[in-house]
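Presented below is the structure to which this report refers.
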Amino acid sequence: MSRLTINLPNTVIEQADERLINVALEGSKVKNVAAFQFRGGKSPMAKIVVNLEESQLYNISSQGSKITLDIGDETVLALATEVTPEKKKVVEEQALIGTKDAAYTGARISLDFQKADIHNIFRIIADVAGLNIITSEKVKATVTLKLKNVPWDQALDVILRNNGLDKTQDGNIIRVATMEEVSKEKETVVKARESEAKIIPLFTRVFNVNYEAVDKLKKNLESIKSERGSVEVNERTNTIIAKDMREKLAEMASLIEKLDKKEPQVLIEAKIISATRDKVRGLGIQWGGYANNTTALMFPHTVGVTGGAGVSPNVSANGGGTGVNLPIASGAGGALGAIGLTLGAVNGTALLDAKLMAMEQDSEAVIISNPKITTMNNKKAMIKSGQQVPYTTTSAEGTKTEFKDAVLLLEVTPHITPDKHMRLSLKVTKDRPLPGNPPPIEKREAETEVLIADGETAVLGGLFEDTTNTGQAMVPGLGRIPFLGWLFKNETTSNNNQELLIFITPKIVD
């Protein structure tokens with residue numbers, strides 16, 4: 001290896017005369033060097049003439065006022081394989097974000113040749129790759145190229161394609177030949193393998209399958225078996241019996257090892273909270289009376305007035321009816337408040353009877369359902385609890401009874417992602433029969449797909465209902481009189497609040 005270092009002066013030459021430049025020579029491949037500096041236009045210029053003892057590979061680099069000329073195969077090889085900080089940064093970035101030429105993984109190399117013998121280039125590539133390269137007698141070419149910072153295997157492929165060549169590799173030996181030679185060799189190898197496959201002995205191997213279904217594995221193995229091979233299954237022992245060449249059996253064993261893996265299980269826990277609150281208020285009134293009197297006339301001998309249709313005053317029993325009859329229904333368990341007032345004459349000829357009734361009923365119910373189910377990854381699971389409601393239908397075929405489900409249902413299919421999240425396909429229903437004949441079914445249902453991390457809780461949805469009913473009954477006209485109208489009407493107000501929340505928590509069970 002020879003290195004020629006030339007240091008150019010920093011001073012500007014005022015006169016156009018030739019001056020010797022500082023030259024440092026290492027090695028013995030340079031015969032002589034003539035280096036001059038002269039004025040060329042407004043700027044000084046340098047001219048260096050190097051005479052070599054023989055034709056050599058070389059590379060020129062410059063830094064500031066210093067020019068370096070490296071001569072020899074070893075120098076070019078060192079330059080091609082040098083890892084500069086810029087190259088190191090590129091390699092690190094490609095490792096993080098990927099590289100477009102991911103098929104080429106060789107060390108990077110830089111080549112700059114003009115009409116060079118292709119065998120010399122192969123020698124450099126072999127040294128960089130750490131491999132042996134052999135060429136056939138028909139490989140003859142001169143190459144002109146300039147490649148910078150490319151993988152050596154990519155550079156080799158480019159050179160081969162550009163010169164109508166191809167390669168085969170056996171271990172650490174690369175053989176370079178013409179495309180025609182390589183193609184004939186490949187055809188010969190294929191024919192030899194086909195002939196060998198017809199006479200090579202077959203072997204039988206039994207594979208024990210732990211987790212995967214043997215019928216599914218059989219379909220995968222049949223795609224890689226040879227024409228003479230066979231694949232059978234034994235469902236009782238969950239084993240696969242394969243008969244084929246050693247190479248094919250090895251491929252089957254590798255495939256079974258990758259596919260026959262334990263699938264994680266998932267525990268799905270759901271909480272369904274249903275809250276109901278009912279509030280009823282009522283205010284009602286009843287009042288009436290009667291009056292009667294006896295006269296000295298033959299007719300009318302007695303005169304009586306009472307309230308209520310179809311009710312006649314009973315003079316002897318002093319009985320009467322209700323003039324305003326607007327009561328309210330009693331609450332749960334007969335919880336009802338009332339105040340009665342009676343006003344009458346001393347001799348019993350007149351009576352006023354009034355009753356004021358008030359009721360307030362408040363009820364609250366919270367139902368928490370907590371279904372849980374465990375299933376394997378990518379396997380659908382379902383759990384339900386409830387009752388079937390009978391419905392009687394009549395048709396030309398006669399009367400028959402059908403049943404409809406009113407159940408709490410949890411249906412889920414989990415899929416575990418590589419980052420320990422779970423994609424869940426969910427269906428949750430909560431139905432219940434209501435009073436009636438036939439009983440109506442109140443349905444509450446949620447169906448969705450969600451992505452949840454292991455152990456986290458997600459709210460699938462909420463249903464909120466607020467119902468308010470207000471009713472009045474009154475005597476026409478009189479019930480609308482301000483303040484006094486309460487003597488001629490009743491009023492009922494009811495509020496119903498319903499809330500439904502569904503929470504889902506999946507956990508991976510190892």
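Just so you know, these numbers use all the heavy atoms, side chains as well, and skip hydrogens, waters and symmetry mates. For reference, positions follow the sequence shown, starting with 1. Just so it is clear, the structure is predicted and the values come from calculations on it, not from any experiment.
Considering only residues two or more places apart in sequence or on other chains, Thr399 meets the side chain to side chain contact (heavy atoms under 4.5 Å, CB included) condition with Thr392, Thr394. For Glu212, there are no side-chain hydrogen bond (donor to acceptor under 3.5 Å, both in side chains) partners at least two apart in sequence or on another chain.
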**Study point:** Evaluation steps, side chain to side chain contact (heavy atoms under 4.5 Å, CB included), between Leu426 and Ile504
**Key:** CA-CA 9 Å; Leu426 287 160; Ile504 293 292; 3.9 Å; yes
Practice item. Verify side chain to side chain contact (heavy atoms under 4.5 Å, CB included) between Val266 and Val509, making sure each step is shown before the conclusion. Key: CA-CA 6 Å; Val266 181; Val509 181; over 6 Å; no
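Between Lys225 and Asp244 there is no salt bridge, since no side-chain nitrogen of the basic residue lies less than 4.0 Å from a carboxylate oxygen of the acidic one. The pair Glu180-Lys184 counts as a salt bridge, with a side-chain nitrogen and a carboxylate oxygen less than 4.0 angstrom apart. A salt bridge links Lys271 to Glu269: one of the charged nitrogens lies within less than 4.0 Å of a carboxylate oxygen.
Looking only at side-chain heavy atoms (C-beta outward), Ile174 and Asn132 stay at 4.5 Å or farther from each other. By the 4.5 Å heavy-atom criterion applied to side chains, Ile173 and Leu131 are not counted as neighbours. For the pair Ile241 and Phe207, the minimum side-chain heavy-atom distance is 4.5 Å or more. Using a 4.5 Å heavy-atom threshold, the side chains of Leu424 and Thr413 count as separate. No side-chain heavy atom of Glu402 sits under 4.5 Å from any side-chain heavy atom of Pro390. For the pair Asp170 and Arg175, the minimum side-chain heavy-atom distance is 4.5 Å or more. Contact annotation: the side chain of Val182 never approaches that of Lys167 to less than 4.5 Å [non-hydrogen atoms, C-beta and beyond]. The closest side-chain heavy-atom distance from Leu259 to Leu217 is below 4.5 Å.
A cation-pi arrangement is present between Lys404 and Tyr391, with the terminal nitrogen or guanidinium carbon under 6.0 Å from the aromatic centre and inside a 45° cone about the axis.
Inspection of the Ser425 and Glu449 side chains reveals an N or O donor paired with an N or O acceptor under 3.5 Å. In this model, no donor atom of one side chain and acceptor atom of the other lie less than 3.5 Å apart for Asp431 and Thr429. If you check the side chains of Glu181 and Ser136, you find a donor sitting under 3.5 Å from an acceptor. In this model, a donor atom of one side chain and an acceptor atom of the other lie less than 3.5 Å apart for Thr468 and Asn495.
How far CG of Asn163 is from NZ of Lys140: 14.5 Å, rounded to the nearest 0.5 Å. Atoms NZ and OG1, on Lys372 and Thr374 in that order, are 9.5 Å from each other to the nearest 0.5 Å. For the atom pair CD (Gln114) and OG1 (Thr142), the distance works out to 10.5 Å, reported to the nearest 0.5 Å. Atom CZ in Phe122 sits 5.0 Å away from atom CG in Leu160 (nearest 0.5 Å). Residue Ile273 holds its CD1 atom at 6.0 Å from CG of Leu501, rounded to the nearest 0.5 Å.
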